[in-house]
Amino acid sequence: MTTITYGREAIHTGGYSMGSGLLGRFRSYLARSRAERQLSQLDDRLLDDIGMKRSEIARAVWGA
């Protein structure tokens, strides 16, 4: 079984690579969406503490 961790959340893939197939892409999308939503909820002071600006959230999460 493969375990991929995003922050405190761990996704167990049951032996399948999270990056392969439709299910893997869907799980990756859900985890990234959740991370983006959580970062967006932080105030500017907390974002500054982790070295991030609000305008950098999408790029940091999605790699775009």
Side-chain angles (χ1 to χ4, degrees):
M1 176 173 20
T2 304
T3 302
I4 299 174
T5 305
Y6 292 98
R8 292 183 178 174
E9 175 181 330
I11 298 174
H12 303 284
T13 61
Y16 298 101
S17 172
M18 187 169 161
S20 66
L22 185 59
L23 183 59
R25 284 186 268 170
F26 180 68
R27 285 182 175 175
S28 177
Y29 172 80
L30 289 178
R32 289 173 188 258
S33 296
R34 188 174 306 116
E36 184 177 25
R37 184 173 54 250
Q38 290 173 343
L39 285 170
S40 296
Q41 291 175 351
L42 298 177
D43 65 358
D44 291 333
R45 184 183 296 174
L46 288 174
L47 287 173
D48 189 43
D49 284 347
I50 61 173
M52 185 179 289
K53 296 180 182 174
R54 190 162 303 280
S55 61
E56 298 171 335
I57 292 174
R59 185 172 37 125
V61 172
W62 298 100

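All heavy atoms count here, side chains included; hydrogens, waters and symmetry mates do not. Note that the structure is a prediction, hence the values are computed from the model and not measured.
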In this structure, OG of S33 is separated from CH2 of W62 (nearest 0.5 Å) by 4.0 Å

Yes or no on side chain to side chain contact (heavy atoms under 4.5 Å, CB included) for L42 and D49, after CA distance, side-chain angles and deciding distance?
CA-CA 11 Å; L42 298 177; D49 284 347; over 6 Å; no

Closest heavy-atom contact between E56 and G51?
OE1-O, 4.1 Å

Set of salt bridge (Lys or Arg N to Asp or Glu O under 4.0 Å) partners for D43, sequence neighbours left out:
none

What pairs with E36 under salt bridge (Lys or Arg N to Asp or Glu O under 4.0 Å), at least two apart in sequence or on another chain?
none

Of all the heavy-atom pairs spanning L39 and M52, show the shortest one and how long it is.
CD1-SD, 4.2 Å

Residues which pass salt bridge (Lys or Arg N to Asp or Glu O under 4.0 Å) with R54, listed by chain and number, not counting sequence neighbours
D44

Euclidean distance, Q41 CD relative to I57 CD1, rounded to 0.5 Å:
10.0 Å

